[in-house]
Trainee: 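Provided herewith is a single structure, encoded as structure tokens, for subsequent inquiry.
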Amino acid sequence: MVGITDVARHAGVAVSTVSYVLSGKRPISPATRNRVLDSIAALGYQRPASGRSHTLGLAVRVDDGAHRPLLAEFMLSASVAARRHHCNILLLTDHADHGVPDAALLDGLILMDIGIRDPRLETVRGLPVPTVLIGLPHDPAGLVCVDLDFRAAGGLCVDHLADLGHREVILLGAPETAYRRRAGFAVRTVAGALDRAAARGVRLTHRSVEGDWDSTAGTLTRVLQERPDATALIVQNEAATPHIAPLLRSLGRALPEDMSLVVVGSDAVATAGAPQLTSISVPAAVLAERAVELLRQLLDGRSTDSGGASPTLLEPELTVRASSGPPRPS
């Protein structure tokens, strides 16, 4: 059996250097790290499972430039859940060339922010370690997935507003980059909202928004000029959400008397200002904990079928707060 000493000899480094590459406890130069990883792959070295904690990779996307409180909640919740299962979390943020992390460093992987047709998934299917996705691709065959049912979330937002009597609704969504890469959370929410709007006789106008004050103000002003009869907004953009109420006030529209507002995102963002916002919460803690639990089951052999089960989709729940109400009588 290949041991850590064999890897060190093959790579021409000290045994402690190999240990640091595997544990991540000390920084190692990229050239040395790559040499060690090449030796691990060439020799087929696998770390012994006994006597150590499992290391679970949490791969997150941080290149959209958006303010993402949910991302911090996912990371913290995954770390807490991992410790409960006697595991460590290694945060991974490098997605260059649509790549996935070095499996040699990990016992399992949680991959977040999945695209509808994510180029990383073919690589994931061939990894020698179990992987759980937080997200839902177009073809989940052979993959373990858990996510909020974002299509249902979009429909639930429309149903709430339609039940209140709104017939002209604007959806301000994620930044344009999210739609270009077909991010599942963004694409599925819009699809669900459009389908439900057609069924309910609601005219729905969708616009992407970058999220900073100036771009949010410009997008909101333009779309209200295009749709002056709009009486409700759906917002799925955490960076833009805090700007909506003050921007509407500057345009002479009050919440909820002149414009109702429903948001999809973090409860912390929805409840941070006044008025508090009607929202569908993205249950980051539940999703992270479920992903860690599924991964631990795979590692323990309690689940041997990594791709036969249907994706786990959590049903969205809408919390009514002060930002939504019936439109003014014509």
Side-chain angles (χ1 to χ4, degrees), residues 61 64 66-71 73-74 112-118 133-138 140 145-163 166 168-200 202-211 216 219-220 223 227 230 232-244 260-270 277-284 286-287 311-321 323-324:
R61 188 184 299 275
D64 277 351
H67 177 58
R68 295 284 293 277
L70 271 175
L71 186 58
E73 191 175 348
F74 271 114
M112 289 180 52
D113 202 359
I114 303 302
I116 298 294
R117 299 186 185 274
D118 200 305
L133 308 183
I134 299 181
L136 180 65
H138 172 72
C145 309
V146 58
D147 203 7
L148 178 68
D149 189 339
F150 281 101
R151 180 179 285 272
L156 185 56
C157 290
V158 172
D159 273 336
H160 172 66
L161 294 170
D163 289 345
H166 297 277
E168 180 91 30
V169 177
I170 295 165
L171 194 164
L172 298 182
E176 182 60 30
T177 52
Y179 298 103
R180 282 202 300 266
R181 63 180 175 81
R182 305 277 293 162
F185 74 92
V187 172
R188 293 182 187 279
T189 301
V190 174
L194 288 170
D195 285 350
R196 200 68 193 136
R200 295 295 304 266
V202 171
R203 185 184 188 187
L204 182 74
T205 302
H206 168 238
R207 295 288 184 271
S208 64
V209 62
E210 294 308 306
T216 303
T219 301
L220 181 61
V223 74
R227 300 286 183 262
L233 283 169
I234 300 168
V235 178
Q236 187 186 28
N237 187 312
E238 289 200 312
T241 295
H243 306 324
I244 300 298
S260 282
L261 174 60
V262 179
V263 300
V264 180
S266 166
D267 269 347
V269 174
L277 308 179
T278 297
S279 72
I280 292 177
S281 174
V282 177
V286 176
L287 289 170
T312 300
L313 292 181
L314 304 185
E315 183 178 353
E317 297 181 2
L318 184 139
T319 301
V320 178
R321 299 189 180 95
S323 68
S324 61

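Numbers here simply count residues along the sequence, with the first being 1. Predicted model, so just to flag it, every value in this text is computed and none were measured.
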Trainee: Applying side chain to side chain contact (heavy atoms under 4.5 Å, CB included) to Leu136 and Leu313, what does each step give before you reach the verdict?
Mentor: CA-CA 9 Å; Leu136 180 65; Leu313 292 181; 4.1 Å; yes

Trainee: Tell me the closest heavy-atom pair linking Val158 and Ala193, and the distance in Å.
Mentor: CG2-O, 3.5 Å

Trainee: If the condition is side chain to side chain donor-acceptor pair (under 3.5 Å), which residues does Thr319 pass it with, not counting sequence neighbours?
Mentor: none

Trainee: Using modelled atom types only, decide if a donor and an acceptor are shared between the side chain of Tyr179 and the backbone of Ala174 within a distance under 3.5 Å.
Mentor: yes

Trainee: Any side-chain heavy atom of Val169 within less than 4.5 Å of one from Ile234?
Mentor: yes

Trainee: If every non-hydrogen atom of Ala240 is compared with every non-hydrogen atom of Val209, which pair is closest and at what distance?
Mentor: CB-CG1, 4.1 Å

Trainee: To the nearest 0.5 Å, what is the distance between CG (Leu161) and CG (Leu261)?
Mentor: 9.0 Å

Trainee: When rounded to the nearest 0.5 angstrom, what is the spacing between CG in Leu171 and CZ in Arg207?
Mentor: 11.0 Å

Trainee: Locate the shortest heavy-atom distance separating Asp147 from Gly135; write the atom from each residue and the value.
Mentor: OD2-CA, 3.3 Å

Trainee: Is the backbone N or O of Ser266 less than 3.5 Å from a side-chain atom of Glu73, with the two atoms forming a donor-acceptor pair by type?
Mentor: no

Trainee: More than 12 heavy atoms of other residues, nucleotides or ligands under 6.0 Å from CD of Glu317: yes or no?
Mentor: no

Trainee: Going by atom types alone, do Thr189 and Arg151 pair a side-chain donor with an acceptor below 3.5 Å?
Mentor: no

Trainee: May I ask you to test the Cys157-Val264 pair for a side-chain heavy-atom distance under 4.5 Å?
Mentor: yes

Trainee: Is there a donor-acceptor pair under 3.5 Å between the side chain of Asp159 and the backbone N or O of Leu156?
Mentor: no

Trainee: Between His160 and His166, is there a side-chain heavy-atom distance shorter than 4.5 Å?
Mentor: no

Trainee: How many angstroms lie between CD in Glu210 and OG1 in Thr177, if you round to the nearest 0.5 Å?
Mentor: 6.0 Å

Trainee: For the CG atom of Leu220 and the CD1 atom of Ile244, what is their distance to the nearest 0.5 Å?
Mentor: 5.5 Å

Trainee: Got Leu314 and Leu287 here, is their nearest side-chain heavy-atom distance under 4.5 Å?
Mentor: yes

Trainee: Is the shortest side-chain heavy-atom distance between Leu71 and Met112 below 4.5 Å?
Mentor: yes

Trainee: Looking at Asp149 and Arg188, is any side-chain nitrogen of the basic one under 4.0 Å from a carboxylate oxygen of the acidic one?
Mentor: no

Trainee: Any chance the side chains of Thr278 and Ser324 put a donor and an acceptor closer than 3.5 Å?
Mentor: yes

Trainee: Do any N or O atoms from the side chain of Gln236 and from the backbone of Val263 form a donor-acceptor pair under 3.5 angstrom?
Mentor: no

Trainee: Kindly give the heavy-atom pair with the smallest separation between Thr219 and Ser208, and that separation in Å.
Mentor: CG2-O, 3.8 Å

Trainee: Rounded to the nearest 0.5 Å, how far apart are CG of Leu318 and CD1 of Ile280?
Mentor: 5.0 Å

Trainee: Quick check: closest heavy atoms across Arg227 and Thr205, and the distance to 0.1 Å?
Mentor: NE-OG1, 2.9 Å

Trainee: Is there side-chain contact between Val262 and Leu277, with at least one heavy-atom pair below 4.5 Å?
Mentor: no

Trainee: In plain terms, say whether Asp163 and Arg200 are close enough for a salt bridge, that is, a side-chain N and a carboxylate O under 4.0 Å apart.
Mentor: yes

Trainee: Where do His243 and Thr216 come nearest, in terms of heavy atoms and distance?
Mentor: CD2-OG1, 4.0 Å

Trainee: Evaluate the side-chain proximity of Pro175 to Asn237: yes if any heavy-atom separation is below 4.5 Å, no if none is.
Mentor: yes

Trainee: Report yes if the side chains of Leu233 and Ser260 come closer than 4.5 Å at any heavy-atom pair, otherwise no.
Mentor: no

Trainee: Roughly how far, to the nearest 0.5 Å, is CD1 of Ile134 from CZ of Phe185?
Mentor: 13.5 Å

Trainee: Does CZ in Arg182 sit with more than 12 non-hydrogen atoms of other residues, nucleotides or ligands closer than 6.0 Å?
Mentor: no

